[in-house]
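Before any comments, here is the structure.
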Number of protein chains: 2
Amino acid sequence: MLPSSTVENYLKAIYVGETHLVGGQKLVPMGQLASALGIAPGTATTMVKALAESGLVTYEPYNGVRLTPAGEKLAARVLRRHRLIELFLVQVMGMNWDEVHEDAEQMEHVVSDRLIERMDEMLGRPEFDPHGDPIPTPDGQLAHRALETLLTCPLNTPVTVARVTDQDAAFLRFIESHHLKPGETIQVEERDEASDSVKLKGRDDQRMTIGARAASKLLVST
Amino acid sequence: MLPSSTVENYLKAIYVGETHLVGGQKLVPMGQLASALGIAPGTATTMVKALAESGLVTYEPYNGVRLTPAGEKLAARVLRRHRLIELFLVQVMGMNWDEVHEDAEQMEHVVSDRLIERMDEMLGRPEFDPHGDPIPTPDGQLAHRALETLLTCPLNTPVTVARVTDQDAAFLRFIESHHLKPGETIQVEERDEASDSVKLKGRDDQRMTIGARAASKLLVST
DNA sequence: GCCACGGTTTTGAGTCATCAAAATAATAAA
DNA sequence: TTTATTATTTTGATGACTCAAAACCGTGGC
Ligand SMILES: [Mn+2]
Ligand SMILES: [Mn+2]
Ligand SMILES: [Mn+2]
Ligand SMILES: [Mn+2]
């Protein structure tokens, strides 16, 4: 039985949720899953039990859920499609990086393998999507990069923006308008705990100050 | 309420069904609708009653169904998307014309207006899809052409293939391999009632014989 | 060690889309 | 006109997916 869009969305959310877990944690709590999918907690519980029944996840009541190898394979496939489609929409269709998420969210479930393969080919087997998120390989491997946030990277040292971990359109437009998209080189000049902000030097030595919250969503390579 | 994929498919099938009706007929019978959608007749009846309830169709029990202006607007929109997507997949993505139907069938329900507009723009506001089917304009107008089938067009006169009215992949590949795609110029040399076949002269004066059934699916302009 | 609270699960219900098969209506044949 | 055939509608049921709200569990505070 091929998985429904709903099942694919659950698996993808669990997959992404697992990467967000800190430390040795391995289980995604139901509350987090429910809010990631925008559904009621009870619905998540019911669905996850069904997913466990079909061998795609392991479910520990009151603890959370984890993907089985079978579930992980499916999840990586969906995430690969999502990110390839996003990149395609930006690179080939000329759409803005803040408006491709919703299209990708739907298309990831319906386009044929053949079309995905054509996109991948046209894009030259890309490794990262427009937001710097890694694109899983066809066999489910995720490129791992050692990145730091603007809150932890070295001061007064050129760093390259590599990834933006927030899909919010307004935030993405802000990033773009301040030339902070992946690929741009910047420096962190100062961090101020009290004012909860970070001072940056960007393109053309342009100075700017952003909040710590925003700074934590900009990942850079040194 | 935005229409579900199911509703969109029903409306599209009724829309296309109406164009296939001969004479002054105006109602699409339930059986035809059901088989076009590949569902049980009883399901069609139930759904159509719901569509009538929401003002998208007019339903006459035991006679059939017809689109209201509201329903026709939605149906034309879906058909426009379907055919634009098909053309996009062929022209831009380099897919074959016999493998784009299924992708379009799904994508028509999910891609954003913005993306459709980009496709339309990239393709130069096309009027016909890869099969020669007219693409409804944004306001729902369908280009009408006076076409004849290979069963009725004049003999020994150059005619141009304009449209192929069968989405079956094997048939489309046959058409392609014999250089009978829309745009090709051919001549009908002879029709034989007894053998139920038609003799053609195609590209490079290549002779071929095809069955009447197939001939009726090739529409030409004189 | 009890209790309150936040997170989780259960319960009961509803929507949408579907089918198989029985009942019925329209139509063609005898 | 009766009968047989075919198309259509009704009926009863199922499977996914969802919610609201009640019940429940586990843990940290006191
Ligand atoms: Mn999705
Ligand atoms: Mn992305
Ligand atoms: Mn469709
Ligand atoms: Mn077509």
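We name chains A, B, ... by the order of the sequence lines, and we start the count at 1 in each one.
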E117(A) with R125(A): basic N within carboxylate O range, under 4.0 Å | yes
Per nearest nucleotide of DNA chain D, the residue lying toward the 5' end, M30(B) or Y10(A), is M30(B)
For D129(A) and H82(A), does a side-chain donor sit closer than 3.5 Å to a side-chain acceptor?
-> no
Mind calculating the distance between CG (N63(B)) and C1' (dT9(D)) to the nearest angstrom?
-> 13 Å
Just how far, in rounded Å, is P of dT9(C) from CG of L51(A)?
-> 13 Å
Whole-Å gap separating P (dT6(D)) and CD (Q32(B)) | 19 Å
Touch class at under 4.0 angstrom, heavy-atom based, for G31(B) against every strand present = sugar-phosphate
How many Å lie between CE on M47(B) and C1' on dT10(D), as a whole number?
-> 17 Å
Give the ring-plane orientation class for F88(B) versus F88(A), where under 30° counts as parallel, over 60° as perpendicular and anything between as tilted.
-> perpendicular
Nearest to the side chain of P29(B), which nucleotide is it out of dT10(D), dT9(C), dT8(D)?
-> dT8(D)
Which whole-number value in Å describes the distance from E60(A) CD to dT8(C) P?
-> 13 Å
Between dT18(C), dT8(D), dG26(D), which one does the side chain of Y62(A) approach most closely?
-> dG26(D)
Knowing that exactly one of E72(B), E18(B), E60(B) qualifies, which makes a salt bridge (Lys or Arg N to Asp or Glu O under 4.0 Å) with R66(B)?
-> E60(B)
Give T6(A) one of three labels, base, sugar-phosphate or nothing, depending on what nucleic acid heavy atoms sit under 4.0 Å from its own.
-> sugar-phosphate
Between dA7(D) (P) and Y59(B) (OH): distance, integer Å | 16 Å
Is the shortest heavy-atom distance from the side chain of R163(A) to the side chain of P134(A) under 4.5 Å?
-> yes
Among dA17(C), dT9(C), dT8(D), which is the nearest nucleotide to the side chain of S4(B)?
-> dA17(C)
Value in whole Å for how far the C1' atom of dG15(D) lies from CE of M1(A) = 14 Å
Between I39(A) (CD1) and dC17(D) (P), how many Å, whole number?
-> 11 Å
